[in-house]
Amino acid sequence: DGHLSLDGKTIGVAVVGTQHFWDREAFNGAVSTVEELGGTVVPVDGGRDNQVHADNHDILLSQGVDAVISILGDGAVEPKFEALSGAGIPVFTVDHQSPFGTNNTTSDNYYMGTTIGRYMADAIGGEGNVAVFNAFEGALRICGIRAGLWKYVLEDYPGITIIQPELAEEFANAPEDARIKTLDLLSQYPEGTLDAIHVGCWDQPAIGVVQALEEAGRTDVLVTALDGGPDTLEIMAEEGSPFVANVAQQPNLIGSTAAMNVARHFAGETLLPQTFVEVVPVLGQDGAKAAYEQLGYGTLD
Amino acid sequence: MTQPMSQRLLGVFPIIVFACLFAYLGVQSTTFLSLDTLELITKQAVPTVIVSLGLATVVIAGGDDVVAGGIDLSIPATAIICAAIIADQLTNQGASLPFAMILAFGAAAIIGAINAFLVVGLRMTPLLATLSMSVAIVGITKVITSSRRIGVTDETIVFIRDGTIFGIAASVVMTTVLVLVFYHALHRTRWGMNMQATGGSRDAAEISGILTRRFVVQSFLIAAFAGWIASVFVLARGSGSSPGTEENMLLEMVLATFLGAAFSPRRVVTLWGAVLGAVVVSALSVGFISIGVNVFWTGCIKGALILLVVASASVTTKGRS
Amino acid sequence: MTLRSVFARFGLIIIIVMFFSFFSYVSPVFLTFDNQVNIIEASAIVLILALGMTLVVAMGGIDLSIGIAFDFGAAFAVVALKDFGAAWYVACLIGVMGGALVGLLNAILIVGLKISPFMATLGTFFVGSSVERVFTNGGGPISYRRMPQEYRDLAVGDVFGIPTEVIIAAAVCLVYFVVLERSIFGKRIHAIGLQKDAANVAGIPVRRYMFVAFILASATCAIGGLIGSANIRMFTPLAGFSYLLDAIAAVFIGAAIHPKGRPNVIGTLVGVLFLGMIGNGLNLMGLDFNLKAALSGIILVSALALAVAQQRFR
Amino acid sequence: MTDTLLKMCDITKSFPGVLALDAVDLEVERGEIHGLVGENGAGKSTIIKVLAGVYKADGGSVDIDGETLADVTPRSVHDAGVRFIHQELHLVQHFTVTESVFMGQEEQTLLGLSARAMRAKAEAFFETALGTQLSGKTLIRDLGIAERKLVQIARALIDAKAKLVVFDEPTAPLTSGETDKLFAAIRKLKEQGIAMIYVSHYLAEITDICDRVTVLRNGQNAGRFDDVFDNSAPAMISAMVGREIDELFPTTEHSAAAPRLEIQSLCADAFNDVSLTVHRHEIVGIAGLVGSGREDLIDTIYGLKAPSSGTLKIDGIAQRFRAPSEAVAAGIALVPRDRRHDGLVLDMSVSDNVNLAALDSVSRWTLENRRASHAVATEMSETLDIRPRNIAATARLLSGGNQQKVVLGRWLNKGADIFILDEPTVGVDVGAKVEIYQHIENLAKDGVSVLVSSSDPGELIGLCDRILVMLRGKIVAEVSTTDLGVDTLVALTTGGAVQEVAV
Ligand SMILES: Nc1ncnc2c1ncn2[C@@H]1O[C@H](COP(=O)(O)OP(=O)(O)OP(=O)(O)O)[C@@H](O)[C@H]1O
Ligand SMILES: Nc1ncnc2c1ncn2[C@@H]1O[C@H](COP(=O)(O)OP(=O)(O)OP(=O)(O)O)[C@@H](O)[C@H]1O
Ligand SMILES: [Mg+2]
Ligand SMILES: [Mg+2]
């Protein structure tokens with residue numbers, strides 16, 4: 001792809017928030033790649049407010065950027081995308097499929113959901129009680145896909161029961177919040193009545209879940225989650241960690257790919273509606289170590 | 001008893017700071033000082049402006065001691081729940097916009113009444129009463145929406161989002177009218193003066209025969225009303241109701257309203273100060289983006305600037321008393 | 001004794017007992033020893049932050065930046081451990097000093113520049129949040145899984161079976177009780193909170209006391225940050241904000257049950273435990289999480305309203 | 001003119017533990033100025049607050065114009081034409097003069113407030129009725145106390161519908177010139193047939209302008225004077241206190257010893273080049289009109305305000321106080337003029353207030369030793385005869401004189417070497433005054449240096465050894481009080497012409 005260039009182009013990069021590892025890495029990947037390709041970046045951050053995120057697109061419109069990379073967000077952005085493309089500014093989305101976008105760069109969320117479902121079912125031997133942190137299923141489409149397919153897979157295992165009601169994690173201070181909720185859950189489900197805890201759309205809460213399990217001496221309860229950032233891979237790689245399965249994404253690569261797609265677009269290439277960036281299924285301690293290295297986070301001993 | 005020139009200059013110092021800043025932004029960015037940008041800034045400030053009108057009213061009627069005086073932190077939550085109710089009615093229940101709005105109005109009225117009861121009836125600290133109310137309202141909103149986004153495609157809402165009146169963004173025109181109505185009521189009528197007196201000194205007002213409790217009650221009802229109005233613009237901004245938008249709005253509202261006090265030569269919360277505060281905060285966001293400030297740093301610069309202005313306001317006030 | 005006077009004396013206590021019985025009835029787990037320990041443990045951090053808030057509110061201020069002090073405590077300590085290999089106690093000290101830095105900024109703004117505490121600490125909140133984000137390159141956590149066991153034990157260890165975090169919180173609580181309710185320092189703080197000008201004329205060095213109190217409060221919150229970071233073995237930026245409302249609510253519930261409506265240490269303790277019990281009880285009831293959010297908010301409002309009403313009936 | 005305008009009958013009002021009013025009668029005739037006098041705590045303010053609808057009476061009736069008010073509320077009383085000039089300056093700091101005068105009675109048209117008309121009216125009222133010029137645009141917080149008082153009065157009278165105006169100690173913050181102006185205004189009102197109730201501790205004012213006087217004692221009627229003469233004061237005093245007071249001031253000669261407080265060429269915004277010395281055993285007075293720089297001088301000495309130049313020495317050592325705490329550490333004590341705001345922490349107990357400045361001495365390892373602090377407070381409340389004799393009582397609930405004694409007690413307890421008393425007896429009744437004077441006298445006897453700033457010439461002459469007179473920020477005279485007449489002192493403070501004054 002050496003021929004690609006964004007020389008003289010101004011690219012708006014809008015991200016819904018940057019607190020979470022995934023969001024930030026996708027943002028950084030997009031920004032640095034645009035700059036490497038010789039483009040100028042106008043970055044905007046929604047501070048985790050979908051409406052502010054949407055509003056930010058208006059600012060990009062008024063700045064007269066040549067293209068917009070929009071990372072995450074909910075339906076509030078659609079009219080803004082419509083306005084941008086109406087003004088001849090192509091929109092490249094990340095993890096957000098939109099009729100007004102030129103291209104959506106994303107992980108294969110369907111694959112993530114089914115894979116983690118299978119991994120979890122296998123880990124608990126195909127039967128048992130599982131609890132799930134799942135506050136975002138209804139709020140974000142990608143989370144709906146991941147959690148929905150996880151449940152779809154579990155339908156094949158009549159011996160697995162999803163504990164009701166489902167738990168809700170908080171976005172802010174997620175590990176500590178999940179830790180306390182897990183402790184409460186554990187006192188409700190004594191030894192032998194709970195087999196796994198799954199975090200439906202990401203894995204920050206899993207840090208607190210693992211912590212609670214270790215504190216309560218209940219590491220027989222297994223943990224699964226999605227995203228596979230360096231922090232959680234490190235936990236998985238620990239001896240005897242209850243955190244047994246994950247599907248790692250490559251957010252930096254996703255952001256970077258979106259930026260490349262912008263350049264491809266300007267180079268006259270035709271893009272498919274979606275570009276899928278490879279995900280890395282992670283199973284067990286050794287799997288975590290391998291993934292950590294593979295994804296370029298360094299080595300874990 | 002006219003003030004010397006230097007004191008008058010000190011009085012408007014905070015405004016000068018921002019004027020300089022905007023001039024700087026204008027020089028740095030080719031697009032910042034244009035009518036289009038001004039429209040964009042005001043358009044984005046709309047929901048904050050409206051909830052700030054509500055907060056300013058409560059502060060004016062309750063006094064500007066933020067802990068013991070008047071404050072209503074539940075206005076953004078009110079706006080959010082009203083938006084959720086309207087969105088739910090329109091999209092999920094197939095109701096008409098007027099019906100949905102009436103339902104939301106009922107909810108806002110109940111919230112205003114409860115706030116008023118807690119503060120005036122039980123004499124609860126307003127900060128505490130409205131903060132906890134806000135938590136409860138956000139919780140109830142979650143039940144209404146199941147924490148989901150509800151998109152809205154109603155024509156009127158879309159008009160408020162995209163439409164223009166006399167070539168100016170519809171939301172800006174409507175908000176301007178609303179601001180003028182509020183301004184007239186609070187600063188240009190007897191009722192408004194009595195409301196101001198109530199907040200300025202409860203004892204003094206009571207001794208002047210002003211039924212202060214009634215005014216405080218009214219201020220909370222008006223605040224809820226502002227939340228209700230704001231909900232429509234929140235819906236328009238987000239083309240529906242999205243979960244989790246109250247926190248940011250709360251911070252911006254408080255910031256705008258009390259920053260506005262720094263703009264007022266008397267150093268008290270006023271309506272026009274709150275409106276100006278909201279627009280200035282919005283302009284800062286747009287301005288920083290237009291000169292390409294690192295997104296991680298904008299909060300820091302914003303915070304520092306605001307502290308600078310509030311500090312200068314406080315120093316200059318102390319100097320006069 | 002009339003119904004009214006019973007209510008006036010014990011209103012909130014009755015409500016607390018009612019909730020306690022209710023939760024015991026609907027959840028078989030609620031009353032178990034383990035679960036009660038859970039409640040107390042989960043309340044430890046909130047209690048520490050609420051105590052810092054109690055000090056500030058007793059002095060007539062408010063501190064919206066306790067979350068930042070919490071974060072700074074965690075960040076400074078974790079960075080000291082991870083990047084500088086500091087001993088655990090050195091890291092604790094550095095963490096507390098990091099929190100004190102936040103208090104120092106507040107003190108300079110409030111005492112030096114005479115900004116109102118609300119605005120000043122709101123400003124500190126903005127600036128502090130932003131500094132955290134810049135420092136962590138956007139808000140990423142700083143994880144240190146292999147932290148020294150002694151440091152971890154701040155959160156997960158125990159002494160004679162009592163969790164360390166509970167012991168720390170109890171110690172802070174005791175110190176605060178003595179300082180705020182029994183010492184002449186506390187008496188002066190209360191005098192400043194009630195009538196600053198009169199305290200000044202009475203020869204109390206008001207500015208110095210306010211300066212010290214804001215720093216002390218932030219340093220206290222940083223202790224909460226130490227425990228928080230030991231709990232999950234990492235520093236999560238902006239985590240402290242989630243304690244703000246609970247801390248404020250606890251202080252005011254506590255003030256409401258005080259005979260003179262003053263913020264006080266025992267009241268704050270009661271307030272924190274009450275909030276902890278509600279959170280835990282609702283978690284155990286098996287409700288849909290949206291409904292739970294609504295209920296906990298409604299209970300908060302009602303409890304505060306009752307606490308205040310109780311005072312009015314005296 | 002014997003037709004009754006106001007008739008309050010059998011008014012009873014009790015507060016927890018106190019029977020504040022015990023079947024009190026008060027009758028005011030149309031067009032008269034009716035004095036209401038009594039010691040601190042006699043019930044004057046309470047009966048006025050009952051009339052104002054602030055307190056609900058336990059029993060009794062209120063008739064205005066022959067009609068019994070069914071419900072005494074602030075509104076019904078206002079509608080009946082009764083206006084109150086409260087003792088407290090209830091004003092909104094950030095309002096303009098016009099806004100304050102028209103507060104609660106704004107004039108508006110369909111288009112909104114008639115701002116210009118109101119301003120013109122207000123300014124005209126000040127000019128004609130009160131003889132002052134005051135811009136309607138000035139903010140209250142930029143006004144002096146006396147001007148604020150005038151605003152308050154203007155507010156009550158501007159609608160010209162008042163039938164009965166109640167003044168609760170209106171002249172306390174006013175200079176004699178302003179008092180004269182106020183009296184002129186009051187007499188003008190009287191000519192228009194408006195009746196007035198006039199509450200004051202200044203008996204000379206009472207005898208000067210009142211037609212009739214009601215005396216309260218301990219919440220009961222203690223007499224009514226239907227004819228008031230210039231020499232009625234002694235009779236009133238005996239009715240008030242139930243005994244004769246012949247000696248108001250202790251008469252000891254002090255032998256001034258070594259200088260303790262020395263001030264040289266002190267300058268600040270409000271005063272210029274002030275030098276003074278106070279010796280041990282000496283009581284020095286500072287006389288001057290309100291606004292003469294007296295108040296700022298006191299504040300500057302005590303570290304509340306910063307001087308721009310000049311030196312202050314204590315026992316020969318130069319000092320620079322950046323805060324009152326430093327002045328206190330150097331042995332200075334201030335009994336401030338505004339005791340409710342600066343003197344007491346109103347919501348703390350008497351005991352806490354007495355101990356507030358000397359907490360170190362009632363503590364062990366910085367913890368409060370409650371037994372010690374209670375002992376100190378109990379002793380102080382015995383010594384000063386603070387009533388009620390309950391050290392756990394909240395300071396807010398004490399009457400003015402007793403509150404002042406608590407402030408005094410705090411500094412006696414602290415054991416300061418230099419006492420500065422700013423308006424020590426404003427709003428304090430005669431009985432308590434005598435006691436306070438005696439305590440000041442005792443202090444001087446014990447070697448303390450005392451500086452008294454007061455607007456009461458009689459008080460200064462009776463109490464002090466020497467008086468410094470301030471005028472427009474400068475010390476213009478220093479006089480010995482031996483054989484000093486009130487008229488001479490007043491002449492000095494007003495800068496010349498000898499005037500008739502009230503004592
Ligand atoms: N709200 C109240 N609660 C309890 N006691 C009260 C209250 N108001 C007044 N009192 C008591 O009633 C008595 C009469 O007080 P009042 O204020 O009427 O006296 P006063 O004549 O105005 O005294 P002063 O000369 O100090 O103004 C006092 O003993 C006072 O302590
Ligand atoms: N809330 C209250 N509870 C109990 N007593 C009160 C209360 N408010 C006022 N008082 C009593 O009422 C009396 C009168 O209060 P007020 O405010 O009229 O001052 P005052 O007595 O006129 O003071 P001064 O003599 O200095 O003018 C005081 O003696 C005080 O003890
Ligand atoms: Mg009185
Ligand atoms: Mg009085």
Side-chain angles (χ1 to χ4, degrees), chain A residues 10 12-19 23-24 27-28 31 35 40-65 73-83 86 134-141 143-144 165-166 168-172, chain B residues 29-32 34 36-41 43-48 80 83 91 142 145-153 157-158 161-162 169 233-249 251-252 282 285-299:
Chain A
T10 306
V13 179
V15 61
V16 71
T18 53
Q19 278 115 300
D23 314 359
R24 191 173 55 254
F27 174 74
N28 287 340
V31 168
E35 280 168 355
T40 311
V41 176
V42 180
V44 287
D45 174 7
R48 260 297 146 186
D49 182 329
N50 280 304
Q51 297 211 345
V52 175
H53 178 56
D55 260 0
N56 282 340
H57 290 78
D58 280 339
I59 303 179
L60 295 178
L61 178 64
S62 83
Q63 292 286 305
V65 294
D74 68 3
V77 293
E78 295 301 344
K80 314 294 179 185
F81 288 175
E82 191 178 0
N134 195 20
F136 305 143
E137 183 179 6
L140 277 178
R141 178 163 162 75
C143 295
E166 295 177 353
E169 69 270 34
E170 297 286 337
F171 189 80
Chain B
S29 150
T30 47
T31 52
F32 184 68
S34 68
D36 283 350
T37 313
L38 184 67
E39 185 178 14
L40 177 69
I41 289 169
K43 209 172 148 183
Q44 299 207 339
V46 160
T48 313
I80 298 306
T91 305
K142 284 184 180 169
T145 63
S146 309
S147 298
R148 281 162 203 262
R149 173 184 161 73
I150 306 175
V152 165
T153 50
I157 302 287
V158 171
R161 184 185 76 206
D162 295 333
F233 294 89
V234 167
L235 275 180
R237 179 173 80 162
S239 310
S241 100
S242 297
T245 46
E246 67 284 339
E247 208 164 273
N248 185 53
M249 196 193 275
L251 289 175
E252 300 242 310
S282 163
S285 308
V286 174
F288 286 149
I289 291 168
S290 67
I291 62 165
V293 172
N294 182 329
V295 289
F296 303 153
W297 277 102
T298 43

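So that the names make sense, note that chain A is the first sequence line, chain B the second, and so on, each numbered from 1. All of these numbers come straight from a predicted model, not from anything done at the bench.
- Contact annotation for B:V234: both backbone and side-chain heavy atoms come within less than 4.5 Å of a heavy atom of chain A.
- Looking at B:S242, the atoms closer than 4.5 Å to chain A (heavy atoms on both sides) sit in the backbone and in the side chain alike.
- Ranked by heavy-atom pairs shorter than 4.5 Å toward chain B, the options A:V52, A:D55, A:N50, A:D45 are led by A:D55.
- Here A:D74 is the residue among A:V15, A:D74, A:V41, A:V31 with the most heavy-atom pairs under 4.5 Å with chain B.
- Formation of a donor-acceptor pair under 3.5 Å by the B:R149 side chain with backbone atoms of A:A139 is not found in this model.
- Heavy-atom distances place no part of A:F171 under 4.5 Å from chain B, backbone and side chain included.
- For the set A:L61, A:D58, A:L60, the count of heavy-atom pairs under 4.5 angstrom toward chain B peaks at A:D58.
- By the neighbour-count criterion of 12 heavy atoms within 6.0 Å, atom CD of A:E166 is densely surrounded, having more than that number from other residues, nucleotides or ligands.
- For B:N294, the side-chain contact (heavy atoms from CB on, under 4.5 Å) partners at least two apart in sequence or on another chain are B:F296, B:W297.
- Closest heavy-atom contact between B:L40 and A:I59: CD2-CA, 3.7 Å.
- Listed by chain and residue number, nothing satisfies the side chain to side chain donor-acceptor pair (under 3.5 Å) test with B:T245 (two or more places apart in sequence, or in another chain).
- Between the side chain of B:E39 and the backbone N or O of B:A169 there is at least one donor-acceptor pair closer than 3.5 Å.
- The most heavy-atom pairs under 4.5 Å with chain B, out of A:S62, A:A54, A:P79, A:P43, come from A:P79.
- In this structure, A:H57 and A:F81 have perpendicular ring planes: the angle between them is above 60°, well past the 30° mark.
- For A:V44, the parts sitting under 4.5 Å from any heavy atom of chain B are the backbone and the side chain alike.
- Both the backbone and the side chain of B:I289 come within less than 4.5 Å of a heavy atom of chain A.
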